[in-house]
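In what follows, a single structure is set out as structure tokens and then discussed.
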Amino acid sequence: MNNNEKKTGASPDEKNKSLNFLETIIEEDIKNGKHSGKVHTRFPPEPNGYLHIGHAKSICLNFGLAKKYNGQCNLRFDDTNPSKEEEEYVDSIMEDIKWLGFDWEDRLFYASDYFDQLFEWAVKLVKDGKAYVDDQPSELISEQKGVPTRPGTESPFRSRSMEENLGLFERMKKGEFPNGTRVLRAKIDMNSPNMHMRDPVIYRIMHTGHHRTGNKWCIYPMYDFTHGQSDYLEGITHSICTLEFVVHRPLYDWFLDNLIDTEYRPRQYEFARLNLSYTVMSKRKLLELVNEKYVNGWDDPRMPTVSGLRRRGYTPESIRNFADRIGIAKRENVIDVGLLEFSVREHLNKIAPRIFAVLNPLKVIITNYPEGQVEDLDLEINPEDPNIGSRIVPFSKEVYIEQNDFMEDPPRKFFRLGPGREVRLKGAYIIKCEDYKKDENGNITELYCTYDPETKSGSGTQRKVKGTLHWVSAEHAVDAEVRIYDRLFSNEFPDKVEDDSKDFKSNLNQDSLKVITGKIEPSVKEAKVLDKFQFQRLGYYCVDPDSTENKLVFNRTVPLRDSWAKQNK
RNA sequence: UGACCCAUGGUGUAAUGGUAACACAUCUGGUUUUGGUCCAGACGUUUAAGGUUCGAAUCCUUAUGGGUCAACCA
């Protein structure tokens, strides 16, 4: 067994994991022969924004469950509100799901596919005396709904005749009434302790074109009147959503019970949505960050969006592993963003080619190295995967190292360079610092070192030194823009603010982006957009789409763990 | 003056009436030409009170704490 095979990071779903509560329910259903043992889930995004890591959790859940139990998962756009929804979002959502590694095959649906059927069902409700047209404005309806602790009062239009309701509803459909003048309401129970059962609105007038149905409709069904029936039409067995829909479940069931005669029913289950420390997850807040230019768009690498994470350098595998690790439950939770970072490090460690990059260069002149000599050193690409081969890195008389790899007056445990100290330049020679130069401000500007020609890497040399530094040859190095990203918020819980005059934006991390120019080894010239690297001793970086033929741009995905920095905090 | 959901280490998630465990985080040590990786170890957990039971994290009751519900949003 080689080093790679015994890694614990192997996809968690290969391990014997205990079941989450949904898997328990599903296995019970299968055992009982419910739905003939079939499992059919769906992922139902509203196309009014970009997907974020919380959606990724849901995608992994729904598609993952289907896969695990030999079932299927549909993609269904919940597009019942044309005033907010756009084609642009449909496209980005599909791209993100595919990128995450999931496939809905030929099962792409839209709630708007069902508008005709939904309308017929509404008519049935009217004919059965279970729905009525209300002529009141929304403010009045809202007032009559009461509050959770007090019953509501019935609308004066509640007892209209079936014929009158039918006529009015038809006229609503024909476009005879302006927006907001009438709605269709289910007649349920204004005294219910559940607000959603107090004669919910099921159709509203909206003279707005729809991205799929064009101008065919000027009335649109509400979410509650759409979702369960859509699940029914698609043969969904387990309809999984987040906790805030728990109170909607009685309504979900009510519509099906009053509309459907067959025995089959989809059933709704709820799980806790993902919250991540040091970030916000609501679409509204994310949109605010984009609109008010706190970030550079939905795919800004600091955003918790799927497109942002992709651009940041995250891999689909790392996100899937993350989703597996956080589990599924009904308890409110805040996951430490460190777990996400662990997941991406874990994967990138296995696959990212190692290269040398010096981000804060300090010139080192090797005084006894022959002028003009260049040695092409053969360095491994990834010690985790020796079979992958090696790369050539040129070495010469003048190199750059990191400024913080030298201290004028270093403490004993500093295993790097200082006056009179020795280190190994990784893959090259052991050098000794003989002298250094400072500018008028006291900044170190140059180091003068000697090298030991007997210590060339791979020559069988026995000499050991405590420290090993990365470096680049000054004349061969490639300049690149490097964007050092940090957490978007400085507070673990961005919504926690000192007083009401502030909001989550007051917790924004002012240093979440630093742009510098780094010196990178020449092999990087071949890099393509989104290629991922480990800058040795620093972190994982990937090529940003802003890169041009003449200028590479790198994003820092995540720094390497740094026990030295931690120790010195 | 309500209904519903939830409560296990610092953070998450298991244990399905029978030894409270796994991951991350934290801390030690070992290996290392990355202060990375890897390896070994340590730390630390059932909200409370009653009840049922030979036996309760698990079942029941009450309390406490947290959350959700009052868009013609989803």
Side-chain angles (χ1 to χ4, degrees), chain A residues 3 6-8 12 15 17-21 24 44-46 48 78-81 83-85 134 137-138 141-143 145-152 179-185 192-196 198 201-206 219-220 222-224 226-227 241 243-250 270 272 277 283 325-336 338-343 345-346 349-350 354 356 379 383-384 413-416 423-428 430 455 457-458 461 464-470 534-539 559-567:
Chain A
N3 223 20
K6 68 181 175 195
K7 289 283 160 48
T8 52
K15 292 189 238 162
K17 266 179 57 173
S18 50
L19 305 180
N20 65 46
F21 79 97
T24 305
E46 183 187 13
N48 71 342
D78 224 326
D79 55 352
T80 57
N81 185 357
S83 68
K84 288 186 176 175
E85 295 148 5
D134 197 329
S138 62
I141 291 176
S142 165
E143 220 169 274
K145 269 208 171 149
V147 293
T149 53
R150 282 256 177 248
N179 289 352
T181 52
R182 282 180 173 83
V183 290
L184 185 70
R185 289 226 259 170
S192 171
N194 182 337
M195 296 294 289
H196 297 277
R198 320 242 264 227
V201 172
I202 61 180
Y203 262 94
R204 77 284 218 187
I205 299 169
M206 201 185 279
I219 56 172
Y220 292 94
M222 301 290 290
Y223 165 85
D224 284 308
T226 305
H227 208 93
C241 61
L243 249 27
E244 65 270 29
F245 290 98
V246 169
V247 281
H248 292 244
R249 193 178 345 122
E270 310 86 11
S277 62
K283 272 187 198 173
R325 250 186 279 259
I326 60 178
I328 300 294
K330 300 185 75 162
R331 174 162 38 152
E332 298 287 335
N333 62 83
V334 182
I335 306 287
D336 188 341
L339 187 61
L340 217 210
E341 295 172 345
F342 168 82
S343 297
R345 279 195 196 101
E346 174 189 56
N349 175 51
K350 286 186 221 150
R354 272 55 169 171
F356 290 158
L379 274 74
E384 301 293 315
K413 302 258 284 201
F414 185 78
F415 305 140
R416 306 179 189 183
V423 295
R424 170 170 291 282
L425 293 180
K426 187 173 171 66
I430 292 175
T455 59
S457 286
T461 174
K464 299 261 181 209
V465 284
K466 193 72 187 167
T468 303
L469 307 185
H470 64 281
Q534 185 196 94
F535 289 182
Q536 287 216 298
R537 300 212 305 138
L538 298 176
L560 250 30
R561 282 187 65 202
D562 188 348
S563 51
W564 168 248
K566 200 181 291 174
Q567 203 180 107

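So that the names make sense, note that chain A is the first sequence line, chain B the second, and so on, each numbered from 1. Since this is a predicted model, take the numbers as computed values, not measurements.
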[options]: which one has an atom nearest the side-chain heavy atoms of [X]?
| X | options | value |
| --- | --- | --- |
| A:T468 | B:rG35, B:rA14, B:rU26 | B:rG35 |
| A:F415 | B:rG35, B:rA14, B:rU1 | B:rG35 |
| A:Q534 | B:rU16, B:rU34, B:rU1 | B:rU34 |
| A:K426 | B:rG2, B:rU34, B:rG35 | B:rU34 |

Within a strict 4.5 Å, meaning less than it, do heavy atoms of the A:D78 and A:T80 side chains meet? yes

What interatomic distance, in whole Å, is found between [atom1] of [M] and the corresponding atom of [N]?
| N | M | atom1 | result |
| --- | --- | --- | --- |
| B:rG17 | B:rG55 | C1' | 8 Å |
| B:rU16 | B:rC72 | C1' | 45 Å |
| B:rC27 | B:rG44 | C1' | 12 Å |
| B:rA48 | B:rU58 | P | 10 Å |
| B:rU31 | B:rA56 | C1' | 46 Å |
| B:rU28 | B:rU46 | C1' | 28 Å |
| B:rA21 | B:rG9 | C1' | 11 Å |
| B:rC6 | B:rC39 | P | 38 Å |

Checking only heavy atoms, does the side chain of [X] share a donor-acceptor pair with the base of [N] at less than 3.5 Å?
| X | N | answer |
| --- | --- | --- |
| A:R537 | B:rU34 | no |
| A:R416 | B:rG35 | yes |
| A:R325 | B:rU13 | no |

Going through the distances and angles, do A:R249 and A:E270 end up as a salt bridge (charged side-chain N to carboxylate O under 4.0 Å, His left out)? CA-CA 9 Å; A:R249 193 178 345 122; A:E270 310 86 11; 2.7 Å; yes

Is it true that a side-chain atom of A:R345 and a backbone atom of A:P559 form a donor plus acceptor pair closer than 3.5 Å? yes

Between the main-chain N or O of A:S277 and the side-chain N or O of A:D336, is there a donor-acceptor pair closer than 3.5 Å? no

With syn meaning chi within 90° of zero and anything else anti, the base of B:rA71 is syn

Of A:A329 and A:G467, whose nearest nucleotide on RNA chain B comes first from the 5' end? A:A329

Base-contact (B) and sugar-phosphate-only (S) positions in nucleotides 64-74 of chain B, heavy-atom cut-off under 4.0 Å, - elsewhere: ---SSSBSBSB

Taking atom [atom2] of [N] as reference, at what distance in whole Å does atom [atom1] of [X] sit?
| X | N | atom1 | atom2 | result |
| --- | --- | --- | --- | --- |
| A:E384 | B:rU33 | CD | C1' | 15 Å |
| A:N333 | B:rC5 | CG | P | 19 Å |
| A:K330 | B:rG12 | NZ | C1' | 18 Å |
| A:L560 | B:rG36 | CG | P | 8 Å |
| A:L19 | B:rA21 | CG | P | 20 Å |
| A:N20 | B:rU16 | CG | C1' | 13 Å |
| A:I326 | B:rA14 | CD1 | C1' | 15 Å |
| A:L340 | B:rG12 | CG | C1' | 13 Å |

Taking atom types as modelled, find out whether A:R424 and A:S457 have a side-chain donor-acceptor pair closer than 3.5 angstrom. yes

Run through A:L184, A:V183, A:I205 and flag the one making a side chain to side chain contact (heavy atoms under 4.5 Å, CB included) with A:I219. A:I205

Would you compute the distance between atom CG of A:L538 and atom CZ of A:F356 and round it to the nearest 0.5 angstrom? 10.5 Å

Could you measure the distance from the SG atom of A:C241 to the NE2 atom of A:H248? Nearest 0.5 Å is fine. 8.5 Å

Has A:S563 got a side-chain N or O lying under 4.0 Å from the OP1 or OP2 atom of B:rG36? yes

Can a side chain N or O of A:R150 be found less than 4.0 Å away from OP1 or OP2 on B:rU1? yes

When A:H470 is tested against each of A:R537, A:Q536, A:R354, A:K426 for side-chain hydrogen bond (donor to acceptor under 3.5 Å, both in side chains), which residue passes? A:R537

List RNA chain B stems (3 or more consecutive Watson-Crick/G-U pairs, under 3.5 Å)? B:2-7 with B:64-69, B:10-13 with B:21-24, B:26-30 with B:38-42, B:47-51 with B:59-63

